[in-house]
Each structure stands twice: as C-alpha cells, then as structure tokens.
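The structure presented is a predicted model; accordingly, all values stated were derived computationally and were not measured. Note that these values count all heavy atoms, side chains included, but never hydrogens, waters or copies made by symmetry. Note that ligands are numbered from 1 as they come in the structure, with each ligand's atoms numbered from 1 the same way.
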Amino acid sequence: MSLPSQHDIIIAGSGPAGLATGLHLLQRAPELAQRTLILEKARHPRPKLCAGGLLPDAVTRLELLNLDITEVPHVKVPWANFTFQGRGMRMTADKRDYAFYVIRRHEFDAWLASKARERGLTLQEETKVLSVRHDGNGVIVETDRGDHYARAVVGADGANSVVRRAVQPESSRNVARLLEVLVHPRNGEAPKGPPSHLPDEAYFEFGCLPYNIQGYVWDFPTQEGGAPRRCWGIYDSRVDVKGDRGDLPNTLNEFMARYGYTPADYTLQAHPVRWFDAHATFSAPGIVLAGDAAGVDAAFGEGLSPALGYGEIVADALADAFAREDFSFSDYRKRVLGHSLGKALRTRTFTAKMLFSIRHPGIQRLLWWRLNGLLHWYINRFVINWTER
Ligand SMILES: Cc1cc2nc3c(=O)[nH]c(=O)nc-3n(C[C@H](O)[C@H](O)[C@H](O)COP(=O)(O)OP(=O)(O)OC[C@H]3O[C@@H](n4cnc5c(N)ncnc54)[C@H](O)[C@@H]3O)c2cc1C
C-alpha cells in the first residue's frame, strides 16, 4: 500500500474561496503557498449554477489581489431595481459607474484558476475529496485518486462541503434553496401587467414573500458567448425555519410568465447556498472552512465577495498557525467574527430574519414604496460595501 503524499496545506475546492485563499497565501506567506495543493473534483471551465452578480465589494477584493475583472466576459449593470409588486427603488454604486458586474461562473472561475496557476499555485483537477479526518498530528485527506496527508486543510468545497462534515455535524441547518434559468431576452414583447424590465438593468422582486418564499425573484442581464441573455431565478433563504414553505418552481414560473416566458422556454436548475450563522462551528483541529462551506449572505445569497473575503482571513490564519506551530485553529472563529466580512454577514442574517418575516403585502408595500429611502440607506450602510468598513 502506498503512503499518503505529504503537504503543508491542502485546499479542497477551486471556486472563488479556495482560489482566493491560495492567492492571498502567495501575498502573505509565499513559501507556504509553494507547499500548498489545491484539489478540485471537476476540471475548469466547469459548470457552476450562479447568477454571477459580482458586487463592487467583490471587485475591490479582486483589486487587492491585483486582478482586473474586465479581463473576464461580463455585462456591466448600471442600475439594480429592488421592487415589491413592480414598484420600489433603483440603486447604483456610490463610487463606481455601475451597480454590479454580471459574469458567467464557468468563465470567471476558469480565469481565476489560470491566474492562480500563472502565479505558481498547484491545482490538481479531477480529484474528489471523499473524507477528511484529524489523526492527532495532521489531517488525512482521502480522495478518489489516493490519500494525502496535510498539516492544515481548508474546506472551500462549496455548499455541499465534504470537509464541513468533519467540522459541523449540524450541517443540515442554514441552507437556502435557489432555482435558476438562462433565457433569450424577450425584447419588444409586451409584459403581462407589471412594468417592463429594461434590457440593461437588474431586478430583485420581493413580491414572492406572500407566497411563503423568504427571498426574492431575480432577473439579471447576462451573456452567452457575447450574445445577450437574461438570468432569472428565485432565492428562498429559509431563515425562518418554522415558516411555511412556498412552491419555488411554480412561483418562479408564475413571475416569469408575467414577462412572456413559458416553462417550455427553459429548464430549471437548483443548487443550495449555505448562509452565515455566527453560532456555527467554523474550524476543528487542523481544519478551517471558507466560502459557502462556512456560510455566506442570508439576505441576498450573495456569496462571491464573501468567498473572496474568506480567502484573506484563512490565509492569515494559516500563516499564523505555521509561525506558531499551533494548528488548533482555536482563534479562527474570532478572526471571522472580527473581520469586516464576518460583521457584514452577521448583519445580513439579522436583516434576512427581519425582512423576510414580514409576509403581509401591505407592510412590504409600505417598506418598498414609501420607506425606500430608509431601505436604500440601510442597504448601503449595513448590507453591502463591507470592504469599505
Ligand atoms: C442559483 C445561484 C445563484 C447565485 N447567484 C449569486 C450571485 O449572483 N452573486 C453572488 O455573489 N453569489 C451568488 N450565488 C452564491 C455563489 O455562487 C456562492 O456563494 C459561491 O460560489 C461560493 O464560492 P465557494 O468558492 O465557496 O464555493 P463554490 O463556488 O461552490 O466552489 C466550490 C468548488 O469546490 C469543488 N468541490 C466540491 N466538492 C468537492 C470535493 N468533494 N472535492 C474537491 N472539490 C470539490 C467544486 O467543484 C467547486 O469548484 C448564487 C448561488 C446559487 C446556487
């Protein structure tokens, strides 16, 4: 029987959280980055269900890694509309000339992986992590292509994380459900009832709250090979565990039908997002979690800027662990909660619990139609722009 190969650090998953961890390690402790192995079950470019909304916080995080988002195919969205029954408010970024970018994840992640490789990180694709376990001195990582042994392991393997099972036995909690479709734009066709959606703007419609969906329906402009497309989807945070469960597919179909789409036009695809719970466990001896595996935004399901932000927190924790020869990661929770990202994610969980507990249409109308100036301020001040705090 062959002995497990030895590494200082293994990162499970090469999505934004895993790659940002590697890229931050290169900046923070280049010698450790050289002794890091990233394991990825797929091969880039690989499919990843995601609307690809990349907020200014994510752009800032990329800039800190000397990465330029305009190298990736994208749509720059000038305005994001937040509505209840078609009426509400429009937002754009304060210090930028857009509300957010929309990228396609297979293109974005492949680009990030190519940057990681160019800068010297080792990424082994088509290797699925099957289990991780601490054996007293280090962590044994079992994969479908043999075993590895590492002094520290990063679980950046997404919402259905295998690594998390070694850290959070309570792993069935805090899971949001999402459905998404990609469609051809219905330019020029009259919508049935609500105000038209403009071709270059993005929409977050909270009119699904009375349908027992604890979230919103989205409609973003995007592209496929440079040709315009719309990405529609529905987000159900399920922050209120006792609340009734709405019917996600039928609600999304009903909202899209108002804009002329029929279910024959698309195939619904589903994937979960794990949201941030300040009381959850984020580490175990030798193991830390990042990105979706740890928990991201409960209010909007925004996980890209958090995934990139976790990269910095994890890289700092790893560098300190090797400097002190202490791999307990007992201070990792404090690092997450004390970072501006952890503070923002905590606020977003609170916001989701407040906002989505109000199902009465009259109160939601009051919020989005009359008190939208207050909401605008709150979102800017407490929900987004965490990289500026
Ligand atoms: C429908 C939908 C729409 C979304 N829209 C947005 C949006 O518009 N904006 C936004 O900011 N966020 C959005 N999100 C959230 C966002 O996609 C995630 O938060 C983000 O991808 C988290 O990044 P990550 O690196 O933690 O995980 P992932 O991106 O999931 O990456 C995990 C990586 O690990 C690999 N992997 C998984 N298991 C294993 C294993 N056992 N062994 C080895 N490798 C493994 C995967 O192949 C993948 O490459 C959306 C999510 C969904 C489901």
Side-chain angles (χ1 to χ4, degrees), residues 10-22 37-59 61 77 80 100-106 108-110 112-113 123-132 141-145 148 153-165 175-182 202 204 215-216 218-220 222 231-236 248 252 268-276 289-311 314 345 348 384:
I10 286 183
I11 300 174
S14 68
L19 293 168
T21 299
L37 174 66
I38 307 177
L39 298 175
E40 166 59 51
K41 72 173 178 187
R43 174 167 290 280
H44 289 288
R46 53 97 180 88
K48 164 74 182 95
L49 200 68
C50 178
L54 201 81
L55 269 66
D57 282 322
V59 177
R61 294 305 318 176
V77 179
F100 58 88
Y101 281 85
V102 180
I103 47 80
R104 300 295 303 284
R105 283 295 298 280
H106 62 287
F108 175 77
D109 290 21
L112 212 51
L123 166 60
Q124 183 178 315
E125 295 174 299
E126 294 175 341
T127 307
K128 185 175 185 177
V129 174
L130 302 175
S131 72
V132 299
V141 178
E142 187 201 355
T143 81
D144 58 358
R145 288 174 62 187
H148 298 271
V153 168
V154 181
D157 49 343
N160 296 319
S161 171
V162 167
V163 179
R164 193 185 50 241
R165 290 181 207 152
V175 178
R177 301 287 163 188
L178 296 89
L179 296 179
E180 183 179 300
V181 299
L182 194 69
F204 297 80
Y216 59 89
W218 77 81
D219 169 25
F220 294 175
T222 185
C231 174
W232 278 81
I234 187 162
Y235 173 70
D236 186 8
L248 281 179
L252 179 59
L268 293 176
Q269 288 185 279
H271 193 78
V273 159
R274 182 166 293 268
W275 46 263
F276 185 81
L289 300 178
D292 264 9
V296 295
D297 167 30
F300 293 97
E302 192 233 331
L304 288 170
S305 77
L308 296 169
Y310 271 109
V314 176
L345 290 177
R348 292 188 198 198
I384 56 175

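- With respect to atom 6 (C) of ligand 1, the closest heavy atom belonging to the protein is Cys50 SG, 3.4 Å.
- Ligand 1 places these atoms under 4.0 Å from at least one heavy atom of His271: 53 (C).
- For atom 10 (C) of ligand 1, the closest non-hydrogen atom of the protein is Gly303 N, 3.4 Å.
- Using a 4.0 Å cut-off between heavy atoms, Asp292 contacts ligand 1 through both its backbone and its side chain.
- Of all atoms in ligand 1, numbered sequentially from 1 with element shown, those under 4.0 Å from a heavy atom of Gly53 are 7 (C), 8 (O), 9 (N), 10 (C), 11 (O).
- Of all atoms in ligand 1, numbered sequentially from 1 with element shown, those under 4.0 Å from a heavy atom of Arg46 are 47 (O), 48 (C), 49 (O).
- Close approach to Val162 involves these atoms of ligand 1, each under 4.0 Å from a residue heavy atom: 41 (N).
- Contacts between Pro306 and ligand 1 below 4.0 angstrom, taking non-hydrogen atoms only, are absent altogether.
- Heavy-atom distances between Gly301 and ligand 1 reach below 4.0 Å in at least one pair.
- In Ala307, the part holding a heavy atom less than 4.0 Å from any atom of ligand 1 is the side chain.
- Close approach of ligand 1 to Gly52 is summarised as follows: ligand atoms under 4.0 Å from at least one heavy atom of the residue are 7 (C), 8 (O).
- Summarising the contacts of atom 32 (C) of ligand 1 with Ser131, Gly13, Ala156, the nearest heavy atom is found in Ala156.
- Taking each of Asp157, Thr127, Ile103 in turn, the one with a heavy atom nearest to atom 38 (N) of ligand 1 proves to be Asp157.
- Using a 4.0 Å cut-off between a side-chain N of Lys or Arg and a carboxylate O of Asp or Glu, Asp144 and Lys128 do not qualify as a salt bridge.
- Between Tyr101 and Phe220, a ring centre-to-centre spacing not shorter than 6.0 Å is recorded.
- If you look at Leu304 next to ligand 1, the close heavy atoms, those under 4.0 Å, come from the backbone and the side chain alike.
- Atoms of ligand 1 found under 4.0 Å from any heavy atom of Arg105, numbered from 1 in the order shown, are 16 (C), 17 (O), 20 (C), 21 (O), 29 (O).
- Here the heavy atom of the protein found nearest to atom 43 (C) of ligand 1 is Lys41 N, 3.3 Å.
- Distance from atom 30 (O) of ligand 1 to its nearest protein heavy atom, with residue and atom name: Lys48 CE, 3.4 Å.
- Looking at Gly18, Pro47, Gly158, it is Gly158 that brings a heavy atom closest to atom 27 (O) of ligand 1.
- Under a 4.0 angstrom heavy-atom cut-off, Gly233 registers as lying outside contact with ligand 1.
- Only side-chain heavy atoms of Glu180 come within less than 4.0 Å of ligand 1; its backbone N, CA, C and O stay farther off.
- The side chain of Leu178, and not its backbone, has at least one atom closer than 4.0 Å to an atom of ligand 1 (non-hydrogen atoms only; side chain from C-beta on).
- Scanning Ala293, Ala51, Ala176 for the heavy atom closest to atom 5 (N) of ligand 1 points to Ala51.
- Looking only at heavy atoms of the protein, atom 35 (C) of ligand 1 is closest to Glu40 OE1, 3.4 Å.
- Salt bridge Glu125/Arg46: absent, no basic N to carboxylate O contact under 4.0 Å.
- In terms of protein heavy atoms, atom 42 (N) of ligand 1 is closest to Val129 N, 2.9 Å.
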